[in-house]
Amino acid sequence: MYISLNWLSDFVDIDGLGAEIVAERLTVGCAEVENVIPREIPADRAFVARIVEVSPSASDPEIRHLTLDVGERGSVTLATRCVLGPGRQVAWAPESVRSEKKVPRISDPFTQGLLVSMLELGLAEDESPIICPDDARPGTPLSQWLPATDTLIEIDNKSVTHRPDLWGHYGFARELSAILQRPLRP
């Protein structure tokens with residue numbers, strides 16, 4: 001299980017503590033930390049895009065062609081297996097944002113870029129596209145909402161098997177709040 005320090009800091013004040021100190025306190029207080037992994041998040045290479053039109057592919061019934069409004073960059077078309085409708089806001093990149101993650105792509109001559117997933121940003125193993133806020137302006141870089149770096153704390157799964165209260169970020173924030181004697185935010 002991976003815990004993001006950026007997400008933990010939404011719920012409990014960890015200012016002034018390094019990732020190693022947080023990891024040590026969690027290990028001593030509630031669950032064994034296996035690894036501390038610094039991450040760069042390439043969110044500056046991905047942008048908000050509004051789906052304007054969805055049309056089926058003539059060659060494959062599972063594939064849809066999306067026309068996206070990407071702000072000042074104009075409009076682009078890409079092929080996807082995702083089921084998304086017009087008006088949705090998604091993360092789009094003109095090219096892959098994370099080369100070490102091999103996400104299967106659809107080979108289609110009309111594709112201009114790709115929908116960005118949490119997997120490509122190195123934030124989760126989820127391959128579904130990132131859905132952006134409805135009020136976001138197309139063409140806005142994702143870096144407006146996502147920080148440039150994060151640190152992931154890898155927790156040993158055996159440590160939390162019988163602790164369902166620790167099966168998410170808020171559970172770890174609650175524990176860390178008690179360990180550090182700092183307030184827990186909703």
Side-chain angles (χ1 to χ4, degrees), residues 1-11 34-155 157 167-172:
M1 166 185 257
Y2 294 96
I3 301 294
S4 159
L5 280 188
N6 287 346
W7 287 10
L8 277 181
S9 68
D10 287 345
F11 305 119
E34 290 187 332
N35 203 0
V36 175
I37 308 161
R39 293 277 187 187
E40 288 187 31
I41 304 171
D44 59 334
R45 298 193 338 230
F47 306 89
V48 174
R50 177 175 283 119
I51 300 173
V52 177
E53 185 181 339
V54 180
S55 58
S57 170
S59 61
D60 187 338
E62 290 185 15
I63 296 177
R64 290 153 205 66
H65 289 128
L66 304 181
T67 302
L68 304 174
D69 170 12
V70 289
E72 294 176 4
R73 295 173 180 265
S75 65
V76 297
T77 304
L78 57 86
T80 184
R81 286 189 171 81
C82 295
V83 180
L84 297 166
R88 295 298 302 260
Q89 302 259 76
V90 293
W92 168 83
E95 58 191 37
S96 182
V97 294
R98 206 169 167 88
S99 59
E100 68 264 21
K101 295 288 186 181
K102 301 297 183 201
V103 180
R105 295 285 166 229
I106 297 170
S107 178
D108 188 293
F110 299 107
T111 294
Q112 300 167 298
L114 56 112
L115 296 181
V116 177
S117 68
M118 297 292 273
L119 176 66
E120 288 168 320
L121 293 179
L123 298 173
E125 295 298 319
D126 186 2
E127 292 181 34
S128 57
I130 295 172
I131 304 298
C132 298
D134 289 337
D135 60 347
R137 192 172 47 88
T140 305
L142 281 188
S143 57
Q144 181 173 326
W145 295 283
L146 295 173
T149 61
D150 193 4
T151 301
L152 300 180
I153 294 180
E154 185 178 6
I155 304 290
N157 284 338
W167 290 356
H169 279 81
Y170 199 69
F172 273 97

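When all heavy atoms of Trp7 and His169 are compared, the closest pair comes out as CE3-CE1, 3.0 Å. The minimum heavy-atom distance between Pro133 and Gln89, with the atom names listed, is O-NE2, 3.3 Å.
Going from atom CG of Leu8 over to atom CD1 of Ile153 covers 6.5 Å, rounded to the nearest 0.5 Å. Here the CZ-CZ distance, from Arg50 to Arg88, works out to 12.0 Å after rounding to the nearest 0.5 Å. Of the inter-residue distances, the one linking Thr80 atom OG1 with Leu114 atom CG reads 9.5 Å to the nearest 0.5 angstrom. To the nearest 0.5 angstrom, Glu53 atom CD is 4.5 Å from Thr67 atom OG1. Separation of atoms OG (Ser128) and CG (Leu84) is listed at 9.0 Å; rounding is to 0.5 Å. One distance of note links CD1 of Ile63 with SG of Cys82; it measures 11.5 Å at 0.5 Å rounding.
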Without placing hydrogens or testing angles, list every side-chain donor-acceptor pair under 3.5 Å for residues 135-148, not counting sequence neighbours.
{"residue": "Thr140", "atom": "OG1", "partner": "Arg137", "partner atom": "O", "Å": "2.6"}

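Counting heavy atoms from C-beta outward, Leu68 and Ile51 have side chains that approach closer than 4.5 Å. Taking 4.5 Å as the limit, some side-chain heavy atom of Val54 sits within range of a side-chain heavy atom of Pro86.
Qualifying salt bridge (charged side-chain N to carboxylate O under 4.0 Å, His left out) partners for Glu72, counting only residues two or more places apart in sequence or in other chains: none.
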- Start with the C-alpha distance between Leu121 and Ile130, add both sets of side-chain angles, then the distance that settles side-chain contact (heavy atoms from CB on, under 4.5 Å), and finish with yes or no. CA-CA 10 Å; Leu121 293 179; Ile130 295 172; 3.4 Å; yes

- Message: Walk me through whether Leu115 and Leu78 qualify under side-chain contact (heavy atoms from CB on, under 4.5 Å).
- Response: CA-CA 8 Å; Leu115 296 181; Leu78 57 86; 4.0 Å; yes

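Within the 3.5 Å criterion, the main-chain N or O of Ala49 finds no donor-acceptor partner in the side chain of Asp69. Between the side chain of Asn35 and the backbone N or O of Ile37, no donor-acceptor pair lies under 3.5 Å. At least one donor-acceptor pair closer than 3.5 Å links the side chain of Arg64 to the backbone N or O of Glu62.
Between Trp92 and Phe47, the ring planes are tilted. Angles from 30° to 60° get that label.
Side chains of Ser4 and Asp150: a donor-acceptor N/O pair is present below 3.5 angstrom, by distance only.
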